[in-house]
Number of protein chains: 2
Amino acid sequence: MKRPKRPTIRDVAEKAGVSIATVSKYVNGQQSFSPAVEEKLREAIEDLGYSQNSLARAMVTGRTTAIGLAVMDLANPHYSNVVKGANRVALANGYNLFVVDMEESIAAVRPLLEALAPRTDGLIVSARIPKDVTDWLAELDKPVAFLGQPERDDVLTVGTDSVQVAALLAQYLVRQGFKRFGYMGYSRAPSNADRIQGLRQILEPAGVELLIFDVDEPTNEAGERAAARVLLRPDRPDVIIGWNDLVAIGMMNEARSLGFKVPFDVAFAGIDNIPISRYVTPPLTTVDVCSQATGEVVMKKIIAMIEEKPQPTDLTLEPALIIRESTQLHFT
Amino acid sequence: MKRPKRPTIRDVAEKAGVSIATVSKYVNGQQSFSPAVEEKLREAIEDLGYSQNSLARAMVTGRTTAIGLAVMDLANPHYSNVVKGANRVALANGYNLFVVDMEESIAAVRPLLEALAPRTDGLIVSARIPKDVTDWLAELDKPVAFLGQPERDDVLTVGTDSVQVAALLAQYLVRQGFKRFGYMGYSRAPSNADRIQGLRQILEPAGVELLIFDVDEPTNEAGERAAARVLLRPDRPDVIIGWNDLVAIGMMNEARSLGFKVPFDVAFAGIDNIPISRYVTPPLTTVDVCSQATGEVVMKKIIAMIEEKPQPTDLTLEPALIIRESTQLHFT
DNA sequence: AAATATCAGTTAAACGTTTTCCTTTTTGGG
DNA sequence: CCCAAAAAGGAAAACGTTTAACTGATATTT
C-alpha cells in the first residue's frame with residue numbers, strides 16, 4: 001500500500017514562494033496579504049490539497065480544540081444521550097468531542113485516558129474511577145469533570161443525586177399502595193449503595209418491606225436472566241425497581257413470559273428514562289435523570305474551565321418522576 | 001485556575017541525572033540499564049508523575065496507535081453496536097478507538113475528519129459522504145474504510161447489501177400472505193434507493209402493491225409522527241416496513257394508540273435487529289444486519305491495512321431474517 | 001517633507017518526543 | 001592483563017507547526 005505522505009506547510013511555502021510563517025498566518029487568517037501572495041497561497045494549498053496537521057499545531061499552541069469523553073458503555077442509551085448532549089454543546093462552541101468506550105471495565109480506563117489526555121483540552125469521565133487514576137488526572141494540566149453522583153467538592157461532578165432519585169421513586173410507589181418492594185441493583189456500581197439508601201429512607205418509615213437482589217450486568221439480558229430469582233419466590237414483591245430501565249425492561253419481559261400480568265401481578269419501574277421506555281408494553285414508569293442535560297451541563301462547565309471564563313451558575317439537575325402504566329393498577 | 005504543566009521527559013532526565021535519550025529508551029523499554037540508572041529513572045518518573053506525551057511521540061514516529069470512527073448517530077443502537085464491535089477488536093490489538101458523532105449531518109463531517117485524521121492511524125466513516133471529502137480522504141496517508149452498502153471497488157466498505165436485506169424481508173412477507181405493502185423509508189440516506197429496489201424486485205413479480213412513504217429522521221419519534229399518514233389512508237397497507245427498527249417501533253406504537261391491533265389489522269417489520277426489538281410488544285420482525293460483526297470486521301481490516309499485513313479473507317456479512325410476532329397472523 | 005505609524009513578510013526558537021550515530025564503559029576470553 | 005566485543009548512555013537532528021521579534025516598505029500625520 002502506498003502512503004503518499006501528506007503535504008506540509010513547507011511544501012506550500014516553497015510552491016508559493018513565501019516563508020512558512022506566512023503560510024501559517026494565512027491558514028490561520030491572522031494578517032492581511034497582498035493580492036499576489038494571497039492568490040499564490042490559495043492556489044498552492046488547493047493544488048497540494050494541504051490541510052493543517054493539528055497534532056503539530058497542538059504541540060506548539062498547547063490547545064487542541066478537542067474534548068475527550070470516556071463513557072462506561074455506549075450501548076446503554078443513557079450514555080448515548082449524555083454523549084449527544086455533550087456533543088452538541090461542544091460543536092456549538094467550536095470543539096470536537098472524542099468519545100471512548102470503557103466497556104464497563106474500570107480497570108482498563110487508565111491507558112485510555114493516557115491516550116486521550118494529550119489529544120484534548122479537557123476530559124470528562126463517566127464513572128467513579130480508582131484513586132490512582134483520579135490522582136493522575138489531578139496532576140494533569142487539564143480541566144477534568146466527572147459524570148455521576150456528585151460527592152466531593154474538590155472535583156467537578158455533574159449528575160443527579162442517586163439518593164434523591166431512588167427516594168422519589170419509592171415515595172410514589174408507596175403512595176400507589178405497593179407493599180412489598182424488590183430492588184434489582186447493580187452492586188458493581190458505586191451509586192448502588194446510594195440508591196438503596198434512598199429507598200430505605202422512604203420505605204423504612206412507611207413500614208414497607210424491601211428485598212434486594214443483584215444483577216451481574218446493567219443490561220436487558222441480565223435483567224431477564226435475573227428476573228426468575230425474584231419472581232418465583234413465595235414472598236414475591238408486588239413491585240420491582242430495576243437498576244436502570246434496561247434491567248427493568250428485561251425483567252418485565254421475563255415476567256410476562258412467565259405468565260404474570262404486568263402491572264397487576266407484579267409492577268415494574270426503572271431509572272434513567274431512556275427513550276425506548278415509552279415504547280415497551282406496558283410503558284415503563286421511571287425517573288428521568290436528565291441524560292442529555294447532564295451532557296450539556298458538563299460540557300458547558302468544562303469549556304468554561306478551559307477558556308478560564310466564569311463558571312456558569314450552578315445548573316442543578318433535578319430528577320423527575322415519569323409515571324407510566326407499568327405501575328398503575330387502576331386506570332383513572 | 002492553576003495549570004501545573006505536566007512534567008516532560010526533560011524534567012525526568014534532569015532529576016535522574018541522565019540524558020533525555022536514556023529516558024526515552026527506558027520508557028519504551030528499548031534497552032537494558034544499569035541497576036543504578038534504572039532505579040533513579042523509576043523514582044524520578046514516579047515522583048514527577050511523568051507520563052509520555054503521545055502527541056509528541058506521534059509527531060516523530062508517525063504512529064498514534066489510535067483509530068478514528070465517525071458515526072452517523074450514536075443514539076441509534078445500530079451504530080452503538082457497530083462501535084462496540086469495533087472497540088473490542090481495537091482494544092484487543094492494542095489500539096484505542098476514538099468515536100465522533102456526526103449528528104446525521106453529512107455537511108459537517110469534513111472538519112470532524114480533519115481533526116480526527118492526524119490523531120489516528122486509520123479512519124472509519126459510517127456514511128456515504130460527499131465526493132470532495134472522499135477525495136480528501138484518498139489523499140491522506142492513512143487507511144480509510146467505510147461502513148455501509150459496499151459499492152465501489154477502490155474503497156473498502158463493510159456492511160450488508162441493502163438490496164438483499166430488503167428482498168429478504170419482502171420475500172418472507174409475501175410468503176406470509178401480505179397483499180398491500182407500505183414502506184416508510186428515509187430518503188436522505190443513500191441506501192434508501194437500494195432498499196426500494198430490493199423490495200420491488202420481489203413485490204413486482206408477485207403482483208403485490210407497494211406504497212412508499214418517507215420519514216424525516218430515522219427515529220422512534222419520527223416514525224410515530226409519520227404513522228398516521230399511512231395508517232389512515234383508505235387503502236391502508238396490511239404490512240408496513242420501517243426504514244429501521246426505530247421507525248418501525250414508533251409506527252407500531254402509534255398504530256396501537258390509534259386502536260389498530262398489531263399484527264392483525266396491520267403488521268410491522270423493521271431492519272437492523274437492534275437489541276430492544278425483542279422487547280417491544282409485539283416483538284418486532286426484522287432483518288439482522290450484523291451490527292456488531294460489521295464493527296469487528298471493519299476494524300480487523302483497517303488494522304491489517306495499518307500494519308500492512310495481508311487482508312483477512314473477505315468475511316462477508318450475511319443479513320438474516322429475524323421472525324417475531326409483529327408479522328405473524330396465526331400462531332402455529 | 002520629515003517623522004512616525006502601519007503593513008507585509010521573514011527569521012529562528014520552541015513544543016516534547018524518537019532515533020541514528022557516536023562515545024564511553026564494562027565484560028569476558030585468551 | 002590486554003584487547004576486542006558488547007553494553008550503556010549521550011548528542012543532535014527531526015517531526016510540522018506557531019509566534020515573538022525583527023526588517024523594509026508603504027502610508028499617514030503634522
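Heavy atoms only: backbone and side chains are in, while hydrogens, waters and symmetry mates are out. In the text below, chain A, chain B and the rest are named by the order of the sequence lines, each starting its count at 1.
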In whole angstrom, what separates [X]'s [atom1] from [N]'s [atom2]?
X	N	atom1	atom2	answer
Gln52(B)	dC15(C)	CD	P	18 Å
Arg10(B)	dG16(C)	CZ	C1'	7 Å
Gln30(B)	dG9(D)	CD	P	14 Å

Pick out the pairs of N or O atoms, protein on one side and nucleotides 23-28 of chain C on the other, that lie under 3.5 Å.
none

Checking Val82(A), Leu317(A), Thr160(A) against Ser291(A) for side chain to side chain contact (heavy atoms under 4.5 Å, CB included), the one that qualifies is Val82(A)

Name all pairs fulfilling the salt bridge (Lys or Arg N to Asp or Glu O under 4.0 Å) condition that reach into residues 13-23 of chain A, sequence neighbours left out, sorted by first residue then second.
-> Lys15(A)-Asp47(A)

Listed once per pair and sorted, the salt bridge (Lys or Arg N to Asp or Glu O under 4.0 Å) pairs that draw on residues 57-80 of chain B, sequence neighbours left out |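 Output for this query lists Lys84(A)-Asp73(B), Arg63(B)-Asp121(B).
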
For Gln30(B), enumerate each residue passing the side chain to side chain contact (heavy atoms under 4.5 Å, CB included) test, keeping only those at least two apart in sequence or located in another chain.
->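 Listed in chain order: Lys25(B), Asn28(B).
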
Sequence-distant partners of Met299(A), side chain to side chain contact (heavy atoms under 4.5 Å, CB included), two or more places apart =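 Result, side chain to side chain contact (heavy atoms under 4.5 Å, CB included) vs Met299(A): Ile67(A), Ala86(A), Val89(A), Ala90(A), Leu97(A), Ile124(A), Ile302(A), Ile303(A).
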
For the helix from dA1(C)-dT30(D) to dG30(C)-dC1(D), measure the angle between the helix axis at one end and the axis at the other, each built from five pairs, rounding to 10°.
->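 The end axes of the helix from dA1(C)-dT30(D) to dG30(C)-dC1(D) are about 30° apart, to the nearest 10°.
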
For DNA chain D, find the residues of residues 12-26 of chain B with a heavy-atom distance under 4.0 Å and give them by number; none if there aren't any.
-> Val18(B), Ser19(B), Ala21(B), Thr22(B), Lys25(B)

Distances under 3.5 Å between protein N/O atoms and the N/O atoms of nucleotides 4-8 of chain C, please, pair by pair.
unit_1, atom_1, unit_2, atom_2, d
dA8(C), OP1, Ser32(A), OG, 3.3
dA8(C), OP2, Ser32(A), O, 3.4
dA8(C), OP2, Ser32(A), OG, 2.1

Check step by step if side-chain contact (heavy atoms from CB on, under 4.5 Å) holds for Phe33(A) and Val18(A).
-> CA-CA 12 Å; Phe33(A) 298 88; Val18(A) 299; over 6 Å; no

Residue list, side chain to side chain donor-acceptor pair (under 3.5 Å) with Arg110(B), at least two apart or on another chain =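 Testing Arg110(B) for side chain to side chain donor-acceptor pair (under 3.5 Å), a comparison that skips the adjacent residues, returns Glu114(B).
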
Any Ser51(A) side-chain heavy atom under 4.5 Å of Arg6(A) side chain = yes

Write out all pairs satisfying ring pair (Phe, Tyr, Trp, His ring centres under 6.0 Å) with one or both partners inside residues 52-106 of chain B, taking only residues at least two apart or from two chains.
->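 Of all non-adjacent pairs touching residues 52-106 of chain B, none passes ring pair (Phe, Tyr, Trp, His ring centres under 6.0 Å).
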
Any residue meeting salt bridge (Lys or Arg N to Asp or Glu O under 4.0 Å) with Glu43(B), in chain and number order, not counting sequence neighbours | none

Of residues 56-63 of chain B, the positions that come close to DNA chain C - non-hydrogen atoms, cut-off under 4.0 Å =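 DNA chain C contact set from residues 56-63 of chain B: Ala56(B), Arg57(B), Val60(B), Thr61(B).
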
